[in-house]
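Proteins get letters first, then strands, A, B, ... in listed order; numbering begins at 1 in each. Just so it is clear, the structure is predicted and the values come from calculations on it, not from any experiment. Just so you know, these numbers use all the heavy atoms, side chains as well, and skip hydrogens, waters and symmetry mates.
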Number of protein chains: 2
Amino acid sequence: MRRDSRLSRMLHVLIHMDRHYKRATSDTISKMLGTNAVVVRRTMAGLRQQGYVRSEQGHGGGWELARGLDKITLLDIYRAIGEPPLFAIGPSVDQPDCLVEQAVDAKLDDALRAAETLLLERFRSVTVAEIAADFDRRLPGHQCNAHWEHPGPPEI
Amino acid sequence: MRRDSRLSRMLHVLIHMDRHYKRATSDTISKMLGTNAVVVRRTMAGLRQQGYVRSEQGHGGGWELARGLDKITLLDIYRAIGEPPLFAIGPSVDQPDCLVEQAVDAKLDDALRAAETLLLERFRSVTVAEIAADFDRRLPGHQCNAHWEHPGPPEI
DNA sequence: GCCATCTGTAACAAGATAGGTTACGTGTAT
DNA sequence: ATACACGTAACCTATCTTGTTACAGATGGC
């Protein structure tokens with residue numbers, strides 16, 4: 001199974017939007033992520049729906065943050081992209097008739113639920129602003145790549 | 001992605017082998033799991049390699065436990081099937097150049113590693129025998145399905 | 001009004017992986 | 001010798017994320 005990278009990508013984008021661009025087009029973002037503008041629009045649609053970003057159509061349009069990064073947690077974004085499955089392992093069938101299988105799945109579910117709780121609790125406790133602060137500590141002044149080197153659209 | 005059910009299936013089989021059959025063929029096991037004999041052999045090959053089960057070829061052959069269920073943990077079986085990926089989410093690339101992406105992935109990895117540690121520690125602490133005991137509590141005398149109703153190969 | 005520039009979305013292709021199937025080789029007991 | 005059962009390669013299928021193409025709708029500048 002290919003691992004779902006939407007959460008990682010969206011966090012990446014949000015920080016760039018806050019630090020480098022106040023408004024960016026899907027095309028600009030897609031080049032930064034190494035993907036396609038349609039993928040960007042598709043994934044960010046969930047973030048727009050939950051009110052974390054805004055999008056403007058037409059000439060001069062694009063994406064912008066709708067609230068501060070300190071007001072957005074990893075859990076918020078995880079939910080905004082549709083709460084995709086966290087685990088790659090699990091039981092084979094949902095409601096097995098076999099009592100042995102039920103016992104096995106119950107035990108596995110216990111463990112998985114505990115891990116899921118820990119993970120989501122962690123997601124809830126971390127804001128995107130904290131990750132941005134980590135970035136600042138890594139190397140001030142560094143730019144992501146060439147697509148972000150130029151100053152971007154004039155802010156007037 | 002379809003969730004990997006090999007761990008669940010192998011635990012299921014081990015308990016049946018201990019409780020109902022002392023030796024079972026791949027074909028019998030496959031009917032019990034609702035799958036194919038080749039899938040059974042493919043998956044159980046790892047368990048044989050690690051010494052948890054034995055297989056005998058030829059007439060009267062099949063699979064049997066190589067040690068007691070109290071000597072096998074969930075972690076043992078997880079490793080025996082090749083330690084498949086636990087999580088369905090993760091970063092998009094392994095070694096990103098972008099420092100923002102590095103900061104994002106580091107934070108996500110922190111959370112994922114914590115959840116993985118918890119999960120594997122849980123796997124390590126649970127023996128297959130404990131799951132079998134849970135099964136006993138559910139409903140004594142229950143059989144998994146018709147394929148296991150008849151007495152099985154004569155034990156002499 | 002007209003046109004370039006954006007987003008929104010549907011539809012479809014690509015790539016990866018677990019699982020299912022067929023085929024055939026090998027070992028073993030009768 | 002033969003039937004039985006594992007070992008394994010090869011190939012297909014299903015599913016899901018991602019990538020791509022195509023086109024409709026909205027917006028601002030001329």
Side-chain angles (χ1 to χ4, degrees), chain A residues 1-10 13 21 23-31 33-49 53-64 66 81-93 152-154 156, chain B residues 1-10 12-13 17 21 23-31 33-49 53-64 66 78 81-94 152-154 156:
Chain A
M1 165 196 308
R2 188 188 289 164
R3 288 167 90 185
D4 187 334
S5 62
R6 283 176 288 180
L7 176 57
S8 166
R9 280 179 158 177
M10 289 301 97
V13 168
Y21 268 128
R23 183 175 288 180
T25 66
S26 303
D27 195 60
T28 304
I29 294 171
S30 74
K31 289 191 176 71
L33 292 179
T35 178
N36 187 286
V38 176
V39 174
V40 172
R41 287 196 279 268
R42 182 193 295 156
T43 311
M44 293 189 70
L47 277 66
R48 180 186 56 233
Q49 214 164 353
V53 297
R54 272 186 297 267
S55 63
E56 304 271 348
Q57 294 189 113
H59 198 111
W63 299 86
E64 62 184 351
I81 60 175
E83 307 191 48
L86 292 174
F87 296 102
I89 66 172
S92 44
V93 286
I156 309 299
Chain B
M1 172 187 319
R2 188 186 289 163
R3 288 166 91 188
D4 187 334
S5 63
R6 283 177 290 180
L7 175 58
S8 166
R9 280 178 157 177
M10 288 301 97
H12 186 182
V13 168
M17 281 171 60
Y21 270 127
R23 182 174 290 179
T25 67
S26 302
D27 195 61
T28 304
I29 294 171
S30 74
K31 289 190 175 74
L33 292 179
T35 178
N36 187 285
V38 176
V39 174
V40 171
R41 286 196 279 266
R42 184 193 295 158
T43 312
M44 293 188 71
L47 277 67
R48 180 186 55 234
Q49 214 165 352
V53 296
R54 272 187 297 268
S55 63
E56 304 273 346
Q57 293 188 113
H59 198 111
W63 298 86
E64 62 184 350
Y78 170 69
I81 61 175
E83 307 190 48
L86 291 173
F87 296 103
I89 66 172
S92 43
V93 286
D94 271 336
I156 310 297

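S5(A) and S8(A) share no side-chain donor-acceptor pair at under 3.5 Å.
Between the NE2 atom in H12(B) and the CG atom in L33(B) there is a gap of 6.0 Å [rounded to 0.5 Å]. Note that the CE atom of M10(B) and the CD1 atom of I81(B) stand 8.0 Å from one another [nearest 0.5 Å].
Residue R6(B) places no side-chain N or O under 4.0 Å from the OP1 or OP2 atom of dT17(C). Contact between the side-chain N/O atoms of S55(A) and the OP1/OP2 oxygens of dG8(C) is found at a separation under 4.0 Å. Regarding contacts with the backbone of dG19(D), a side-chain N or O of R9(A) is found under 4.0 angstrom from either OP1 or OP2. Between S26(B) and dC6(D) there is a side-chain polar atom (N or O) within less than 4.0 angstrom of OP1 or OP2. Here S5(B) reaches the OP1 or OP2 of dG19(C): one of its side-chain N or O atoms lies under 4.0 Å away.
Shown here for N36(A) and V38(A), the closest heavy-atom pair between the two residues is OD1-N, 2.7 Å. For the residue pair G60(B) and R23(B), the shortest heavy atom distance occurs at O-NH1, 3.3 Å. Of all heavy-atom pairs between I89(B) and L86(A), the closest is CD1-CD2, 3.6 Å. Across all their heavy atoms, S30(A) and D27(A) have their closest contact at OG-O, 2.7 Å.
Atom CZ in R54(A) sits roughly 15 Å away from atom P in dT27(D) (whole-Å rounding). We find that CZ of R48(B) is positioned 12 Å from C1' of dA5(D), with the value rounded to whole Å. At whole-Å resolution of the value, CZ in R42(B) and P in dC12(D) are 15 Å apart. Residue D27(B) contributes atom CG, which lies 13 Å from atom C1' of dT21(C) at whole-angstrom precision. Rounded to whole angstrom, the span from the CG atom of L33(B) across to the C1' atom of dG20(C) amounts to 13 Å. Going from atom CD1 of I29(B) over to atom C1' of dC6(D) covers 11 Å, rounded to whole Å. In this structure, E64(A) atom CD and dT7(C) atom P are separated by 12 Å, rounded to whole Å. Summarising the geometry, the separation between CE on M44(B) and C1' on dA5(D) is reported as 14 Å, rounded to the nearest angstrom.
Side chain of R3(B) to backbone of A88(A): no donor-acceptor contact under 3.5 angstrom is found.
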Where along nucleotides 22-30 of chain C does protein come under 4.0 Å, by heavy atom, of base (B) or sugar-phosphate alone (S), with - for untouched nucleotides? BB--BBBS-
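For S55(B), the side chain to side chain contact (heavy atoms under 4.5 Å, CB included) partners are R48(B), W63(B), not counting sequence neighbours.
Rounded to 10°, the helix from dG1(C)-dC30(D) to dT30(C)-dA1(D) has 10° between the axis fitted to its first five pairs and the one fitted to its last five.
Among the nucleotides dT20(D), dG19(C), dG7(D), the one closest to any side-chain atom of V39(A) is dT20(D). Taking only side-chain atoms of P85(A), from C-beta outward, the nucleotide of dG7(D), dT17(D), dG20(C) with the closest atom is dT17(D).
Applying the side-chain contact (heavy atoms from CB on, under 4.5 Å) test between R9(B) and each of I29(B), D4(B), T35(B) identifies T35(B) as the sole match.
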